[in-house]
A.B. asks: 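First the structure, which I've put down as structure tokens, then a few questions once you've had a look.
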Protein chains: 2
Amino acid sequence: MRILLIEDDAVLGAAIRDHVAADGHGVDWLMRLDEARAAIDSVGYELVLLDLNLPDGRGLDLLKALRDEGKDMPVIILTAQDQVAVRIEGLNSGADDYLVKPFDLSEMSARLAAVARRYGNTPLPGIAIGDVTVDFGRKTVTRQGKPVTLTAREWAVVEKLVRNRGAVVGKDQIEDSLYAFGAEIESNAVEVYVSRLRKKLGREFITTARGLGYAVESRDG
Amino acid sequence: MRILLIEDDAVLGAAIRDHVAADGHGVDWLMRLDEARAAIDSVGYELVLLDLNLPDGRGLDLLKALRDEGKDMPVIILTAQDQVAVRIEGLNSGADDYLVKPFDLSEMSARLAAVARRYGNTPLPGIAIGDVTVDFGRKTVTRQGKPVTLTAREWAVVEKLVRNRGAVVGKDQIEDSLYAFGAEIESNAVEVYVSRLRKKLGREFITTARGLGYAVESRDG
DNA sequence: CCGAAGCTGACAGCAAGCTGAAGGGATTTT
DNA sequence: AAAATCCCTTCAGCTTGCTGTCAGCTTCGG
């Protein structure tokens with residue numbers, strides 16, 4: 001697997017590079033965001049290990065930029081800050097996993113393999129459900145070929161439902177994916193988003209299972 | 001999948017139990033190590049979620065003991081301490097993964113699925129009984145390949161009967177799973193739901209054991 | 001053939017869900 | 001800085017259809 005490592009700490013960077021290389025991957029190691037940017041555009045990687053604290057900017061900004069452009073290779077965040085807010089922001093920004101420094105190198109190998117495996121299982125170029133198409137990589141939705149713009153929360157609901165298409169998803173589960181653990185909500189916010197999504201994507205896109213939750217059809221396996 | 005949750009925090013424990021149950025797993029939730037010890041020996045679980053700080057001892061000691069005895073079910077550690085030493089000790093003690101509190105519940109689901117996949121536990125594809133298929137994870141039921149929509153109560157009855165397929169389940173037991181403890185019912189509600197389910201799933205799906213209760217066939221193990 | 005147990009159609013009440021509107025916070029534009 | 005815009009959350013009133021109950025019927029065992 002071709003991996004890009006973005007890490008400005010020389011000691012840690014070298015250790016990671018050697019360990020990942022020992023696992024049989026090809027590794028390029030860069031220390032600056034702008035270099036990384038160029039390398040991603042020109043080389044193309046299958047996985048990115050991204051430190052968040054870099055001399056020329058925030059790693060999260062790079063991550064967000066990648067996702068905005070539709071680049072959907074797995075990204076694992078490396079961070080010394082282990083506050084929840086940072087991790088959640090990272091995951092919300094499109095990271096697939098994170099490692100809190102300092103971490104065990106063999107642990108990193110496991111995470112790496114897990115993320116890669118997760119991706120191998122879902123190489124989703126875009127999922128068609130009725131006349132609606134959902135693309136996780138690009139975070140885009142179309143209806144009858146026409147693009148539909150969604151807000152962040154709307155997208156979160158769509159993603160949750162479509163990733164579990166064919167299954168009934170409880171309102172509480174949707175809430176959990178909308179608000180990180182602990183952030184209770186005291187209203188019918190989920191119902192409101194379902195309502196808006198139906199207006200945008202068609203009444204039949206989301207079906208109600210009274211007392212159980214919501215579901216979207218599974219137009220494939 | 002049959003999962004044992006060992007967690008002494010009541011709020012977090014309940015949240016985890018509900019979320020894991022919503023994913024279609026069977027969950028037993030215990031708060032003490034000695035109870036957990038006994039449950040593992042007598043019941044047998046396919047996966048263990050283990051909090052490290054417990055009132056009656058260190059979770060890691062249980063983990064080490066399990067491994068020493070050759071028990072090799074996957075174990076995921078839950079810990080509030082995110083010092084690397086603890087995590088490493090956990091991994092070295094034979095844990096398969098860990099979650100640092102507080103964590104996002106959907107993240108937990110992903111970890112859980114990843115660990116289970118690594119172990120080769122395929123999430124239940126659905127249980128076939130005659131021409132009816134029941135999928136606990138998705139909360140869906142099909143008959144002759146066609147999806148059947150059930151109401152919340154109907155689903156509760158189906159789940160109760162199918163989880164105990166092959167056995168006769170008393171009406172009072174079904175009631176208990178329909179209405180939380182104590183809520184007595186003063187009618188033949190169970191009969192009514194059985195009737196409705198037979199209309200939807202076929203007369204022979206549920207057989208009557210006069211004077212004893214109801215049962216569904218066990219068409220597999 | 002009788003009594004008990006179980007079955008099922010009908011229905012009123014009510015809980016669950018839907019949705020338009022409004023206020024406030026955050027971000028962008030002027 | 002002010003204004004404008006967008007998005008999120010909440011709320012209230014409305015709609016929907018699930019739920020528990022009952023009554024009358026059927027089935028079963030003896």
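Chain identifiers are assigned alphabetically (A, B, ...) following the order of the sequence lines, protein sequences preceding nucleic acid strands; residue numbering begins at 1 within each chain.
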A.B. asks: B:L150 has an atom CG; how far is it from atom C1' of D:dG17, in whole Å?
C.D. replies: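 Going from B:L150 (CG) to D:dG17 (C1'), I get 15 Å.
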
A.B. asks: Axis-to-axis angle across the helix from C:dC1-D:dG30 to C:dT30-D:dA1, five pairs an end, to 10 degrees?
C.D. replies: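 One end axis against the other gives 40°.
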
A.B. asks: Identify the two heavy atoms, one from B:D8 and one from B:N53, that lie closest to each other, and give their separation to 0.1 Å.
C.D. replies: OD1-O, 3.2 Å

A.B. asks: Indicate yes or no: at least one non-hydrogen side-chain atom of B:M73 is less than 4.5 angstrom from one of B:V48.
C.D. replies: yes

A.B. asks: If we ignore angles and hydrogens, is there a donor and acceptor under 3.5 Å between the side chains of A:R198 and A:T208?
C.D. replies: yes

A.B. asks: Is B:T208 close enough to C:dC7 that one of its side-chain N or O atoms is under 4.0 Å from OP1 or OP2 there?
C.D. replies: yes

A.B. asks: As an exercise, state the distance from CG of A:D51 to CG of A:L30, rounded to the nearest 0.5 Å.
C.D. replies: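 Going from the CG atom of A:D51 to the CG atom of A:L30 covers 12.5 Å.
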
A.B. asks: For D:dT21, take OP1 and OP2 only and decide whether either is under 4.0 Å from a side-chain N or O of B:S187.
C.D. replies: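 Indeed, a polar side-chain atom of B:S187 lies that close.
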
A.B. asks: Check DNA chain C against residues 153-161 of chain B and give the residues with a non-hydrogen atom under 4.0 Å, in numerical order.
C.D. replies: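 DNA chain C contact set from residues 153-161 of chain B: none.
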
A.B. asks: Anything under 3.5 Å between a protein N or O and an N or O of nucleotides 23-27 of chain C, put it in a table, one pair a line.
C.D. replies:
none

A.B. asks: Which atoms form the tightest heavy-atom contact between B:W29 and B:A14, and what is the distance?
C.D. replies: CH2-N, 3.3 Å

A.B. asks: What residues form a side chain to side chain contact (heavy atoms under 4.5 Å, CB included) with A:D172, not counting sequence neighbours?
C.D. replies: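 Counting only residues at least two positions away or on another chain, A:D172 forms no side chain to side chain contact (heavy atoms under 4.5 Å, CB included).
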
A.B. asks: For A:V27, which residues count as a side chain to side chain contact (heavy atoms under 4.5 Å, CB included) partner, sequence neighbours excluded?
C.D. replies: A:L5, A:R17, A:V20, A:A21

A.B. asks: Take the protein atom OH of B:Y179 and the nucleotide atom P of D:dC18, then report the distance between them rounded to whole Å.
C.D. replies: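 Checked: the OH to P distance equals 15 Å.
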
A.B. asks: Heavy atoms under 4.0 Å, any strand shown: does A:V192 hit a base, just sugar-phosphate, or nothing?
C.D. replies: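 Base contact.
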
A.B. asks: For a 4.5 angstrom cut-off between non-hydrogen side-chain atoms, does A:L54 reach A:L62?
C.D. replies: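 Heavy-atom side-chain distance check fails, nothing below 4.5 Å.
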
A.B. asks: Main chain of B:T142, side chain of B:T133: is a donor-acceptor contact present, judged purely on distance under 3.5 Å?
C.D. replies: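 Flag not set: sc B:T133 to bb B:T142 has no pair under 3.5 Å.
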
A.B. asks: Could you state the OH-P distance from B:Y214 to C:dT8, rounded to the nearest angstrom?
C.D. replies: 9 Å

A.B. asks: For nucleotides 11-16 of chain C, give me every protein contact, N/O to N/O, under 3.5 Å, one pair per line with atom names.
C.D. replies:
{"unit_1": "C:dA16", "atom_1": "N3", "unit_2": "A:R210", "atom_2": "NH2", "d": "3.3"}

A.B. asks: What heavy-atom pair brings B:L201 and B:V141 nearest, and what distance separates the two atoms?
C.D. replies: CD2-CG1, 3.7 Å

A.B. asks: Please determine whether a side-chain nitrogen or oxygen atom of B:Y193 lies at a distance below 4.0 Å from atom OP1 or OP2 of D:dG20.
C.D. replies: yes

A.B. asks: Has the side chain of B:R196 got a donor or acceptor atom that lies under 3.5 Å from a matching backbone atom of B:Y193?
C.D. replies: no

A.B. asks: Ignoring backbone atoms, test whether A:T151 places a side-chain nitrogen or oxygen under 4.0 Å from the OP1 or OP2 oxygen of D:dC8.
C.D. replies: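 Checking A:T151 against D:dC8: at least one side-chain N or O falls below 4.0 Å of OP1 or OP2.
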
A.B. asks: For B:N188 and D:dT19, what is the distance between atoms CG and C1' respectively, to the nearest whole Å?
C.D. replies: 12 Å

A.B. asks: Between atom CZ in A:R198 and atom P in D:dT16, what is the gap in whole Å?
C.D. replies: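 The answer, rounded to whole Å, is 13 Å.
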
A.B. asks: Roughly how many Å is it from CD in A:E175 to C1' in D:dC8, rounded to a whole number?
C.D. replies: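 Going from A:E175 (CD) to D:dC8 (C1'), I get 14 Å.
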
A.B. asks: Can you measure B:L197 atom CG to C:dG9 atom P for me and round it to whole angstrom units?
C.D. replies: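 It works out to 14 Å between those atoms.
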
A.B. asks: Is the phosphate of C:dG20, meaning OP1 or OP2, less than 4.0 Å from a side-chain N or O of A:K199?
C.D. replies: yes

A.B. asks: Test your reading of the model: is there a side-chain donor-acceptor pair from A:K171 to the backbone of A:A189, 3.5 Å cut-off?
C.D. replies: no

A.B. asks: Report yes if some heavy atom in the side chain of A:E191 is under 4.5 Å from a heavy atom in the side chain of A:Y214; otherwise report no.
C.D. replies: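 In contact.
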
A.B. asks: OG of B:S195 to CZ of B:R203: how many Å apart, nearest 0.5 Å?
C.D. replies: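 So the OG of B:S195 and the CZ of B:R203 are separated by 7.5 Å.
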
A.B. asks: For A:R203 and C:dT19, what is the distance between atoms CZ and C1' respectively, to the nearest whole Å?
C.D. replies: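 Rounded to the whole Å, the gap is 9 Å.
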
